[in-house]
Amino acid sequence: MRSSSSASVRLSSPPACLHAPRAGLVDAAVEHLMVRKDFQAAFDTCEKGLGSLNSDEQEETCFRHGELKAALCIVGVQALAELNQWRDVLTWILQHYGETVKIPAKIMQMCILLYFKVAEQAEVQEVVRTWLHCSSNMSQSGYSSVAELYILHVLLPLGQTTEAIELLEDEVGQAAFNEDQRQTALTVVENCNAKNKPPSYTVPESVCVQAEARSSVTTPQGLLVRWLNSVVRLLYRALSTVSTNIRSHSLRRAFLLLLLLYLLLIRMDPALPSACPWILRLFGLFQQMWNTMFGPYYRALS
């Protein structure tokens, strides 16, 4: 009875997957990559482990086999990126998986992020599109994440909003997102499309004429201030131009008096405390000018 029961246990149990040495290769590759920063050694270790896994065709159906293969590929992708050999990533992954549709979702996510970081999204676009439209991949746990990364980091940066909308409305969008998520994604895509689309309308001529008419209408006080500003500028320019030829101190003081009157009455509020020094100076200047111009006349009369 013991032999029959042990036989039944052996028949009902899945085949054993003894990958302890290969798991050690994953740890060694991670150590080369993260600790020693020896990226070439890390990549070579991944190649060695993947070669060992690919030689065991009878164990390809084992879950542990797929996990080890994905782990070695992830470390290998990171090592290639550090070696600045990111252009070889897709070719290297397809070398070990054979077909695009067989690539695990986590590796596809890494490829999207890698090519987005180097601003070469077009390199991975066709591969991800093929992977997403494969019905066997729609049941993977990371399928929705791949679709989201494909829209945000591949289609939108490339300005292909039309394809993004079609993707959300076809079977890929229905398999990857629920209704609320699809509506949110459509809103994001439409906003991005509106932001990147140049304005195609022109301003009507009547609107421009009305705007100019409104800008030309000002209050009488504003017109007066503008006219006084122009007059003072002309006086100042004339005074600076002929100042070398003017020898009369009384005329210079008269111009200075006009300038101070303009500053005091037009540009400054007399009620402010800061206006007091200007008022005193104006009064002194006016008194000096009066004495200079009319003092000799009053002295002759007296």
Side-chain angles (χ1 to χ4, degrees), residues 5-83 85-115 123-124 126-150 172 175-176:
S5 61
S6 60
S8 62
V9 171
R10 286 195 298 269
L11 290 174
S12 60
S13 300
C17 298
L18 300 177
H19 292 295
R22 295 156 188 172
L25 290 176
V26 176
D27 296 336
V30 172
E31 182 180 356
H32 285 301
L33 179 70
M34 304 300 295
V35 180
R36 300 181 182 179
K37 303 297 181 181
D38 189 349
F39 307 122
Q40 186 62 50
F43 179 73
D44 293 340
T45 304
C46 293
E47 280 278 42
K48 181 179 178 181
L50 289 170
S52 177
L53 287 174
N54 293 334
S55 63
D56 294 338
E57 297 181 357
Q58 60 181 358
E59 295 183 356
E60 288 186 358
T61 57
C62 179
F63 175 78
R64 182 64 173 166
H65 180 280
E67 287 293 317
L68 287 174
K69 188 174 183 178
L72 289 170
C73 284
I74 290 174
V75 178
V77 168
Q78 293 177 341
L80 286 175
E82 294 292 346
L83 292 170
Q85 298 178 13
W86 52 268
R87 293 186 181 274
D88 301 330
V89 167
L90 284 176
T91 304
W92 182 70
I93 291 176
L94 289 174
Q95 176 184 348
H96 293 287
Y97 280 96
E99 300 180 20
T100 301
V101 295
K102 294 182 179 181
I103 300 175
K106 60 181 71 176
I107 297 178
M108 193 62 67
Q109 295 171 21
M110 284 194 62
C111 291
I112 295 174
L113 294 175
L114 172 62
Y115 283 87
E123 297 287 337
V124 76
E126 184 62 32
V127 174
V128 181
R129 184 193 295 120
T130 302
W131 189 91
L132 286 172
H133 284 87
C134 179
S135 58
S136 61
N137 291 328
M138 295 182 180
S139 59
Q140 293 193 35
S141 58
Y143 182 81
S144 59
S145 298
V146 175
E148 181 181 359
L149 291 175
Y150 179 63
V172 175

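Bear in mind that the values here come from a model prediction, so they are computed numbers and not experimental data. Nothing fancy with the numbering, it's 1 onward along the sequence.
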[atom1]/[X] to [atom2]/[Y] distance, rounded to the nearest 0.5 angstrom?
X	Y	atom1	atom2	result
His96	Thr91	NE2	OG1	11.0 Å
Asp27	His32	CG	NE2	11.0 Å
Thr100	His133	OG1	NE2	14.0 Å
Lys102	Ser136	NZ	OG	10.0 Å
Leu25	Leu50	CG	CG	9.5 Å
Leu72	Lys48	CG	NZ	12.0 Å

Using side-chain heavy atoms (C-beta onward) and a distance below 4.5 Å, is [X] in contact with [Y]?
X	Y	result
Trp92	Glu47	yes
Met108	Val127	yes
Leu33	Thr45	no
Phe43	Val75	no
Gln78	Met110	yes
Leu80	Phe39	no
Gln40	Asp38	yes
Val172	Tyr143	yes

Criterion side chain to side chain donor-acceptor pair (under 3.5 Å) on Glu123 and Trp86, from CA distance to verdict: CA-CA 10 Å; Glu123 297 287 337; Trp86 52 268; over 6 Å; no

Audit row: Trp131, Glu99, side-chain contact (heavy atoms from CB on, under 4.5 Å) steps and yes/no: CA-CA 10 Å; Trp131 189 91; Glu99 300 180 20; over 6 Å; no

Taking all non-hydrogen atoms of both residues, which atom of [X] and which atom of [Y] are closest, and how far apart?
X	Y	result
Ala79	Ala42	CB-CB, 4.3 Å
Ile112	Val146	CD1-O, 3.9 Å
Ala175	Met138	CB-SD, 3.9 Å
Lys106	Ala70	CD-CB, 4.4 Å
Gln140	Ala105	OE1-N, 3.2 Å

side-chain contact (heavy atoms from CB on, under 4.5 Å) between Tyr150 and Val124, worked out: CA-CA 9 Å; Tyr150 179 63; Val124 76; over 6 Å; no

Stacked cation flag Lys69 on Tyr97, 6.0 angstrom / 45 deg: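 Satisfied, under 6.0 Å and within 45°.
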
Asn137 side chain vs Leu132 backbone, donor-acceptor pair below 3.5 Å: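 Here the side-chain-to-backbone pair does not exist.
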
Verdict with supporting geometry, Arg64 and Glu67, salt bridge (Lys or Arg N to Asp or Glu O under 4.0 Å): CA-CA 5 Å; Arg64 182 64 173 166; Glu67 287 293 317; over 6 Å; no

